[in-house]
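Working notes, beginning with the structure itself.
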Amino acid sequence: MKRRKFVRNTVLSGICSASGVELVFGALMPEGYLPLAFQEEDPFELFEKDRGMVVLNNRPWNLEARAHLLNDRVTPNKYMFIRNNGLIPENIDGSRWTLTIDGEAVEQKKVYSLEDLKSGFKQYTYQLTLECGGNGRSEFNPPAKGNQWTIGAVSCANWTGVRLRDVLKDAGIKDNAVYVGYHSADVHLSRDPTKEPISRGVPIQKALQEETLLAFKMNDKDIPRVHGYPLRLVAGGWPASASGKWVQRVSVRNIVHDGPKMTGSSYRVPCEPVAPGSEVKDEDMCIIESMPVKSLVTFPKSGALLDHGKKLRINGHAWAGELEVSKMEYSIDFGTSWMQCALDKPANRLAWQHFTAEISFPKKGYYEVWARATDSLGRAQPMVLPGWNPKGYLNNACHRIAIKMI
């Protein structure tokens, strides 16, 4: 009993010392309780994120950017969204990290150190667009369960690594290969070591694309821990959940991969359109592959006040999954008429594209600038919310910002 009081008093003393203030009613705290202020680290400091980012969840950590923070052509770490399914692995040692290639459709199980990958295979750098499949979920009605992303769960960084296909070919792929699945070091929320928080993958055709990387650098530096250090899969243009972080093993499957978050309704949408609020059987849901065409106005910030008589220069980014964006337009009359933007070619396949336009407004007052991208197959963004689905995926409705001319 005396020891318990001593430990308790020591903890209380430490908390008061750390905070610099008295812990009022500290003696009444339940045994073993830790005050809220000391339960979580500051995510902005912990992950080196801008304080304009929005925290959606802290168990696991999920943060998104605001549109105006994504104005850079290449997304820096401080503005890159975080989407986790489990707990970030602790005590990572890159010098001891290994990657195992195995599975029913591989010729031989092989294990590579990080140094084996860096020295044994040619390295490549690509700008690759990663977007959470649930980006825009907050707009669905009826509401869909999950993190209520608005528009900021997207990024386009420079990723450096080796091609997954080169490593797979080194191990040997059998003719019956259908899919690859990743297995990572993140920890299930229950901390049960037998459970994987997520283990998704891609068809073998996507795995063998030139741009699908086993990456170890982001923007010419080691990948930040929260984004997958020391090794992650990057499969641009598909839901970011296909780009596994902290990858330790890639299994080459002779079936569609069936790991956690690959079955049921996870990262799937109804194969056929359904009425809002409908219940959809698992067997009637199809896996999301290439993301739909989408765009984002990143300058100016929504709510800007501007002097009438001056032209407004807007800019932003557009992307279209596996495809290119062929046309970019804006409207200031709620979609009644559309004017064309200048649109750059992508830095490489699967990178987003930058657009600009100069806009004149007819008189003082309130306006909305709407942005609409069209992909290389002629499919344009919808002006309103696209087809409802139970998990709130693939919202690619036109982005819009508010402007007041004074």
Side-chain angles (χ1 to χ4, degrees), residues 40-50 53 55 57-65 72 74-101 111-121 123-132 153-164 167 180-189 191 193 196-201 211-236 240-250:
E40 293 290 355
E41 295 181 87
D42 180 344
F44 307 108
E45 182 177 339
L46 182 63
F47 305 129
E48 298 182 315
K49 298 297 180 182
D50 187 272
M53 299 280 285
V55 179
N57 198 353
N58 63 357
R59 187 176 168 83
W61 285 110
N62 290 284
L63 284 75
E64 71 170 337
D72 297 271
V74 178
T75 310
N77 172 56
K78 64 181 179 178
Y79 299 139
M80 183 172 288
F81 76 98
I82 296 173
R83 170 62 175 119
N84 288 338
N85 286 269
L87 304 176
I88 300 169
E90 300 173 354
N91 303 318
I92 297 172
D93 185 350
S95 66
R96 297 184 179 182
W97 197 268
T98 60
L99 173 74
T100 300
I101 305 294
V111 179
Y112 303 86
S113 68
L114 203 57
E115 184 55 36
D116 290 336
L117 296 176
K118 291 179 178 180
S119 61
F121 299 91
Q123 297 183 22
Y124 298 86
T125 298
Y126 297 106
Q127 287 182 31
L128 297 170
T129 307
L130 295 180
E131 181 182 13
C132 177
V154 64
S155 65
C156 189
N158 281 317
W159 297 97
T160 300
V162 299
R163 287 174 172 163
L164 175 59
V167 180
V180 300
Y182 65 75
H183 307 271
S184 302
D186 48 343
V187 180
H188 195 271
L189 293 178
R191 292 195 175 273
E196 291 182 289
I198 184 170
S199 175
R200 301 200 70 240
E211 303 85 4
T212 301
L213 297 179
L214 288 165
F216 36 78
K217 285 188 179 293
M218 187 184 89
N219 295 337
D220 301 319
K221 297 179 179 179
D222 286 346
I223 298 173
R225 185 169 68 102
V226 72
H227 292 297
Y229 175 83
L231 187 70
R232 70 169 294 168
L233 183 64
V234 185
S241 57
S243 298
K245 306 175 186 179
W246 312 291
V247 172
Q248 294 178 309
R249 180 163 67 95
V250 172

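Scope of the values below: all heavy atoms of this structure, side chains included, with no hydrogens, waters or symmetry mates.
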**Study point:** side-chain contact (heavy atoms from CB on, under 4.5 Å) partners of Ala153, counting only residues at least two apart
**Key:** Phe81, Cys132, Asn135, Trp149

Study note, to complete from the structure: Applying side-chain contact (heavy atoms from CB on, under 4.5 Å) to Gln123 and not counting sequence neighbours gives Lys118, Thr160, Val162, Phe216

Review point. Are Lys49 and Ile82 side-chain neighbours, meaning at least one heavy-atom pair lies under 4.5 Å?
Key: yes

Exercise for review: List in chain and number order the residues that pass side-chain contact (heavy atoms from CB on, under 4.5 Å) with Ile92, two or more places apart in sequence or in another chain; answer none if no residue qualifies.
Suggested key: Pro89, Trp97, Arg225, Tyr229, Pro230, Trp246

**Study point:** side chain to side chain donor-acceptor pair (under 3.5 Å) involving Gln127 - partner list, sequence neighbours excluded
**Key:** none

Exercise for review: Output all residues satisfying side chain to side chain donor-acceptor pair (under 3.5 Å) with Arg83, sequence neighbours left out; order by chain, then residue number.
Suggested key: Asn62, Asn85

Practice item. Could you pull out all residues at least two apart from Arg249 that satisfy salt bridge (Lys or Arg N to Asp or Glu O under 4.0 Å)? Key: Asp102

**Study point:** Sole candidate of Val250, Thr212, Ile101 that passes side chain to side chain contact (heavy atoms under 4.5 Å, CB included) when paired with Val180
**Key:** Val250

Point to revise | With Glu131 via salt bridge (Lys or Arg N to Asp or Glu O under 4.0 Å) - residues at least two apart | key: Lys294

Practice item. Kindly write out the residues that satisfy side chain to side chain donor-acceptor pair (under 3.5 Å) with Thr100, not counting sequence neighbours, or none if the list is empty. Key: none

Review point. For Ala157, what residues pass the side-chain contact (heavy atoms from CB on, under 4.5 Å) criterion, not counting sequence neighbours?
Key: Met80, Trp159, Met218, Asn219

Check your understanding: What pairs with Asp220 under salt bridge (Lys or Arg N to Asp or Glu O under 4.0 Å), at least two apart in sequence or on another chain?
Key -> none

Check your understanding: Who passes side chain to side chain donor-acceptor pair (under 3.5 Å) against Ser113, sequence neighbours left out?
Key -> Asp116

Practice item. Decide yes or no for Leu130 and Val154: does some side-chain heavy atom of the first lie under 4.5 Å from some side-chain heavy atom of the second? Key: no

Point to revise | Shortest non-hydrogen separation from Gly86 to Pro60 and the atoms involved | key: O-CB, 3.2 Å

Exercise for review: Please list, chain by chain and in numerical order, all residues satisfying salt bridge (Lys or Arg N to Asp or Glu O under 4.0 Å) with Lys78, sequence neighbours excluded.
Suggested key: none

